[in-house]
There are 2 protein chains.
Amino acid sequence: MNKRKATTLKEIAKKLDISISTASRALNNHPDISDATKEKVQQLAEKLHYSPNLFAQGFRTQRSHILGVIVPNIAHYFTSTILKGILEEAETKGYKVIVSESNNNENKQSEMLRTMSQFGVDGILLALSRKTTSVDSILNTLDTVPLVLFDKVSHKIPCTQVVVDEEIAAFNAVEHLINTGKKRIAIIKETENSFNSEKRFAGYLRALKEHHIEVDKKIILSTEDVSLYKGRMMTNILLSLKERPDAIFAITDTAAIGAIKALHKYNIKIPEEIAVVGFSNSIHATIIQPSLTTVDQPGEKIGKTAVTYLIKEIESNKNEITTKTVTVKTHLIVRDSSFKV
Amino acid sequence: MNKRKATTLKEIAKKLDISISTASRALNNHPDISDATKEKVQQLAEKLHYSPNLFAQGFRTQRSHILGVIVPNIAHYFTSTILKGILEEAETKGYKVIVSESNNNENKQSEMLRTMSQFGVDGILLALSRKTTSVDSILNTLDTVPLVLFDKVSHKIPCTQVVVDEEIAAFNAVEHLINTGKKRIAIIKETENSFNSEKRFAGYLRALKEHHIEVDKKIILSTEDVSLYKGRMMTNILLSLKERPDAIFAITDTAAIGAIKALHKYNIKIPEEIAVVGFSNSIHATIIQPSLTTVDQPGEKIGKTAVTYLIKEIESNKNEITTKTVTVKTHLIVRDSSFKV
DNA sequence: AAAATGTATTCAAACGTTTGCGGGAATAAT
DNA sequence: ATTATTCCCGCAAACGTTTGAATACATTTT
């Protein structure tokens, strides 16, 4: 297609009456080349808009300067902010980014890992699909190409993982509720197997324990997918209890919003009767009435650090895989759903 | 990095005692090769997990099977749904997708076009950054690599463009307001130069005209960026008028939500006193109270058709550029902010 | 003056694939 | 029996770059 054929090293070399290798080395600032010729070559290259043929280069050096990213759902706001960070950091480091969606389908995820590594990406950034049970294919690509996990991770995979301080974040959220005088705090979480949900649940339990509040299983609700709809259903259940909770900690903003909608329906005052806290600081958080108290996860920062670690791994040509968990700090944003001034 | 070195055509050829070219042709299903050898080669290739070295291939054929996408802001919901469509369609057609953000910065956009085309993408999908004034750099890349514009387009650029039926959509939205008995309909739009805003404004005007409602400039408000904040500000202005409008058509959902928030503040009944209609069917539309009437833009479909046309252009090796505007249909979703049953 | 050192450049191979061309063998047409 | 025709396959070049090794020349050391 390219209608204007690109200028090559050969043309530059011929015009300057030097060899191709000299031209190549001059552009790569090789110490063997005299400053005079370097100058000449670089100037002519500039003038002719020379840019190396990436395929020839990649072919020769086995380096593509492409990063692969696989996420469950790109249209998820938090994911897209992470992606924003990934794109930005990758660009400044001189890498391009190929993006794929697994749609929370484990097979598709495996397939993508395979095609990406065979495609020749220099490294892969992966947020696991929900319920990734078999890590075999991941371990497989792991010894082919550097891999960094983020957001949705699993300790079964020995590689660098970038996550948020889930447990602490949840602890802080619940402690905040306790500090506002709440004593009977329900939680809406995911049914096991989710790294994030488990951590958040652990934070919830620790907060209760440290404040000597006993755990009541009746107000610990689990669901397969924490959606808005499920948030409503779960709060309906909570409202039907003899002993209603006085606060709801939802593992996710959408569920929290579902909870708020359910509470609205029964004309329950938020936060006076029942307070609500979410997790993610989604864009909805300030749209909903009352505005939602939630923990802010710095998506862009997660993306950037994930890229940083991945590139570090790529560029240190060590073949050993580093397994290390990087934790990014969150902070609680208190809004009207939990505390009114 | 790749620790396991990949199998090459050479190895396959040697093991089968045939030439490399035969192996290559066998895998590419070339008619010159007998079914017997094709079978042999393909089986062995399968067994050895052969996959062609993409760099060698791209190097040789000058085709990368990579599409470049440039969008203003990836974290914008509508954009991310388009991206979803792009990814899906590209994948089924055997293309990878490189994504970049222009951050609504025209210079960055130009820079990206340049690096992408020199990188060797087979085609580029572009949503223009806000206020793209100089189309030179775009015209420049246009004669280097196939280009398709989507969502944010400009008729100054001769290429395939995929858009939504903005004018009709706006017409329908405003007509809907008229049908519910509204007679004094304000509009919150962008200050010129925006393709989308102009089209929507045209639809607004046509609806008024066809229903013999005279245009009142006092309730036609423009702003640089149609944000939630600006939506509030604009409705504050509208509320300060002697003759208040009885409906507001906001060119964008976020502005519409800003309008709703402002109306809430003054305890104005929606839709009885003032109805509100937005544009985009963002995820907020059902979160806000009352739920927002808005026009639904099928993001995924836009993405898919954009890819379809781009690939068509790539694979027809014609060098001529086709200039054609493809319009994707929208439909109005009526919710509580304009019509209560 | 010969040898050693250093500097700047060139040679040539290699990466893995595709593809135009040529050729051998088998079959069909004359 | 000779000539066409068809069917398979191999040869070799080419894509543009990088890089180890060789070369040429100038400079310094012995």
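Throughout, a chain's letter reflects where its sequence line sits, starting with A, and its residues are numbered from 1.
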Quiz prompt | Residue list, salt bridge (charged side-chain N to carboxylate O under 4.0 Å, His left out) with B/E300, at least two apart or on another chain | solution = none
Quiz item: Are the ring of B/F59 and the base ring of D/dC15 both nearer than 5.5 Å at their centres and tilted by less than 30°?
Solution: yes
Exercise. Under the side chain to side chain contact (heavy atoms under 4.5 Å, CB included) rule, what do B/K38 and B/N29 come out as? Steps first, then yes or no, please.
Key: CA-CA 7 Å; B/K38 272 182 192 169; B/N29 208 25; 3.2 Å; yes
Practice problem: Grab the CG-C1' distance between A/L54 and C/dC15 for me, whole Å please. | Solution: 16 Å
Quiz item: Is there a donor-acceptor contact under 3.5 Å from the side chain of B/E106 to the main chain of B/T133?
Solution: yes
Please set out all donor-acceptor pairs under 3.5 angstrom arising from side-chain atoms of residues 145-164 of chain A, sequence neighbours excluded.
residue: A/S154; atom: OG; partner: A/K156; partner atom: N; Å: 3.0
residue: A/T160; atom: OG1; partner: A/E313; partner atom: OE1; Å: 3.2
residue: A/T160; atom: OG1; partner: A/T322; partner atom: O; Å: 3.4
residue: A/T160; atom: OG1; partner: A/T322; partner atom: OG1; Å: 3.4
residue: A/Q161; atom: NE2; partner: A/S154; partner atom: O; Å: 3.0
residue: A/Q161; atom: NE2; partner: A/I157; partner atom: O; Å: 2.8

Exercise. For DNA chain D, find the residues of residues 32-42 of chain A with a heavy-atom distance under 4.0 Å and give them by number; none if there aren't any.
Key: none
Practice problem: Return the set of residues passing side-chain contact (heavy atoms from CB on, under 4.5 Å) with B/K108 (not counting sequence neighbours), or none when no residue passes. | Solution: A/E91, B/N103, B/N105, B/M112
Quiz item: Which of residues 18-29 of chain A sit near DNA chain C, with a heavy atom under 4.0 Å from it?
Solution: A/I18, A/S19, A/S21, A/T22, A/R25
Quiz prompt | Atom NE2 of A/H49 with >12 non-hydrogen neighbours under 6.0 angstrom | solution = no
Exercise. Check salt bridge (charged side-chain N to carboxylate O under 4.0 Å, His left out) between A/K84 and all other residues, then give those that pass, not counting sequence neighbours.
Key: B/E101
Quiz item: When you match B/A56 and B/D17 each to their closest nucleotide on DNA chain D, which lands nearer the 5' end?
Solution: B/D17
Quiz item: Can a donor-acceptor pair be found between the side chains of A/Q43 and A/E39 at a distance below 3.5 Å?
Solution: yes
